[in-house]
Amino acid sequence: MSDHSLVPVILAGGKGERFWPLSRKHRPKQFLSLDGSGRSLLQGTADRLLAIAGGWQKVWVITASHLADGVREQLPDLPEGNLLIEPEGRDTAPAVAWSTLEISRRYGKDAVLGFFPSDHWIADVEIFQATLTAATHLAAQKAAIVTLGIAPTFPSTGYGYIQQGEPMGYYGAVPATDHPGFLAYRVDRFTEKPDRLTANQFLASGNFSWNSGMFVFRAGVALDELLTYAPEIIGPLEAKGVSAYPALPKKSIDYALMEKTQQAYVLPVSFGWDDLGDWNAIERLLKGDNPNVELARHVGIDTHGALFYATDKDDLIVTIGLEDTVIVRDGKITLIVKKDRTQEIKHVLQEIQANPQFKDLL
């Protein structure tokens, strides 16, 4: 490929455990509609990328074997040859490496790839697409692995951070307008989820972005960097293809490559973004003037700051004297959790998984 258009790859293998009980093994978070649009998160991700890709022929999805049929059902126009199916989950580094290998074999090492989690919410699609145009231009011109850094709006302790280094110029200028494009920077360092004090310092400095987990690069650049920093992943995949999966280490792309490469660039952007990590994200999206977020029939007395969700429209949730609580009803399961402890849902699922009588509830 020489036109430097983007080949988007949707990472659709996640579990979304912190949205249990709505999210289950065969109905993970990306298959759900959580933002009121009527489209699932996976479908919304594909919708945003279609215009950039120029149609379905250049959209790719990588997913787990037990989710493949669900992806086909949700994205019926996706070419079968563009669906990569992992035999088992090995985190994002093997997924990115295998996808890059397969796409480079079809389009060549100059193809510009973009990787996108399937479970993100984005408000301003026009700015998002303009950002991708800028990232594509940067990746086409330089040996760069470009990350999209989200301008932080509060001192989050749940996101990783990227520190901006040397400015490297503007990319994606809009012809016949005053828009100069987006200013790219070298990445100084990646920082995992910080404590509250450090997050406040990052926010105050104005020199840090949230790590969105979205990145863009030329296939050949990434393959060379993976050979340098993650030969234990790219080597077996080059030799054996997908059959190498069972022996691959379980590593994230951040740990395997992004925190080590000297070719990392960041585009700090602002287009309204949330990674929808747990039930509290729904409140961030849908909170209005009401004291609660009600996605179910609810009657309450002295109940404030709560979120209610029910899959059965006939269910009624009644509360008295509750504050900052999430209540979710799905079939036989009712979840009740304080909003500041939703991250612990994963621990409860470990206990449920260990009990044979509950196996059908996962």
Side-chain angles (χ1 to χ4, degrees), residues 1 3-11 44-45 47-54 58 96 110-117 120-154 156 159-191 202-219 221-222 225 253-254 257-259 261-275:
M1 289 180 63
D3 62 352
H4 296 145
S5 57
L6 186 69
V7 181
V9 184
I10 301 174
L11 300 166
T45 302
D47 292 344
R48 290 192 295 271
L49 295 170
L50 273 172
I52 289 289
K58 281 172 57 180
V96 170
D110 282 337
V112 180
L113 283 60
F115 284 82
F116 306 91
H120 288 182
W121 172 84
I122 289 173
D124 194 322
V125 174
E126 187 174 340
I127 295 178
F128 170 73
Q129 292 172 338
T131 301
L132 289 187
T133 298
T136 302
H137 290 170
L138 172 53
Q141 294 173 31
K142 293 183 177 293
I145 298 178
V146 187
T147 64
L148 302 188
I150 307 298
T153 55
F154 64 95
S156 171
Y159 297 146
Y161 286 74
I162 305 169
Q163 185 176 18
Q164 297 157 202
E166 178 187 3
M168 300 301 292
Y170 287 88
Y171 293 85
V174 181
T177 73
D178 294 330
H179 195 305
F182 298 88
L183 181 58
Y185 298 83
R186 285 276 193 179
V187 171
D188 261 5
R189 63 179 169 126
F190 290 86
T191 301
F202 286 174
L203 189 65
S205 76
N207 201 34
F208 286 81
S209 301
W210 286 334
N211 184 359
S212 71
M214 295 181 278
F215 42 93
V216 176
F217 51 65
R218 266 183 288 135
V221 171
E225 292 297 284
I253 191 63
D254 283 343
L257 179 60
M258 299 308 297
E259 294 177 6
T261 181
Q262 301 301 303
Q263 305 299 333
Y265 290 66
V266 60
L267 279 177
V269 298
S270 180
F271 40 61
W273 170 88
D274 202 299
D275 75 343

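For the single chain, residues carry numbers from 1 onward in sequence order. Both backbone and side-chain heavy atoms feed into the values below; hydrogens, waters and symmetry mates do not.
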**OP:** Can you measure from CD1 (I253) to CE (M258) and round to the nearest 0.5 angstrom?
**Re:** 7.5 Å

Original post:
Are W273 and H120 side-chain neighbours, meaning at least one heavy-atom pair lies under 4.5 Å?
Top reply: yes

Original post:
Distance only, no hydrogens: is a donor on one side chain within 3.5 Å (strictly under) of an acceptor on the other, for N211 and Y161?
Top reply: no

Original post:
With a cut-off of 6.0 Å (strictly less than), are more than 12 heavy atoms of other residues, nucleotides or ligands near CD of Q141?
Top reply: yes

Subject >> Over all atoms of both residues, closest heavy-atom pair of A143 and V221 >> reply: CA-CG2, 3.9 Å

**OP:** Flag the pair V266 / V146 as yes when at least one side-chain heavy-atom distance between them is below 4.5 Å, and no otherwise.
**Re:** no

**OP:** Please examine the side chains of F208 and I162, heavy atoms only from C-beta on, and report whether any two atoms are closer than 4.5 Å.
**Re:** no

Original post:
Sub-3.5 Å donor-acceptor pair from the side chain of S205 to the main-chain atoms of N207, do we have one?
Top reply: yes

Original post:
Is there a side-chain contact between I122 and R48, using heavy atoms and a 4.5 Å cut-off?
Top reply: yes

Subject >> Contact summary for S212 and L148, nearest pair of heavy atoms >> reply: OG-O, 2.7 Å

**OP:** Kindly indicate whether the side chain of F271, heavy atoms from C-beta on, has any atom under 4.5 Å from the side chain of Q129.
**Re:** no

**OP:** Please report the C-alpha distance between D124 and F128 in whole Å, then the side-chain angles of each, then the deciding distance to 0.1 Å, and finally whether the side-chain contact (heavy atoms from CB on, under 4.5 Å) criterion is met.
**Re:** CA-CA 6 Å; D124 194 322; F128 170 73; over 6 Å; no

Original post:
Would F116 and F215 count as a close aromatic pair, with their ring centres under 6.0 Å?
Top reply: no

Table please: side-chain donor-acceptor pairs of residues 163-171 below 3.5 Å, with sequence neighbours left out.
unit_1, atom_1, unit_2, atom_2, d
Q163, OE1, R189, NE, 2.8
Q164, OE1, S209, OG, 3.4

Original post:
How many angstroms lie between OG in S156 and CG in D275, if you round to the nearest 0.5 Å?
Top reply: 8.0 Å

Subject >> Passing option when L6 is tested against T133, V216, L113 for side-chain contact (heavy atoms from CB on, under 4.5 Å) >> reply: V216

Original post:
Got F217 and T261 here, is their nearest side-chain heavy-atom distance under 4.5 Å?
Top reply: no

Subject >> Gap between atom CG of L50 and atom NZ of K58 - 0.5 Å precision >> reply: 12.0 Å

Original post:
Using the benzene-type ring in the case of Trp, are the ring centres of W210 and F202 under 6.0 Å apart?
Top reply: no

Original post:
How many angstroms lie between CZ in R218 and OG1 in T136, if you round to the nearest 0.5 Å?
Top reply: 12.0 Å

Subject >> Where P8 and L49 come nearest, the two heavy atoms and their spacing >> reply: CB-CD1, 3.9 Å

**OP:** Provide the closest heavy-atom pair for V112 versus A139 in the form atom of the first, atom of the second, distance.
**Re:** CG1-CB, 4.0 Å

**OP:** Indicate the atoms forming the closest heavy-atom contact of E225 with I145, along with that distance.
**Re:** CG-CD1, 4.1 Å

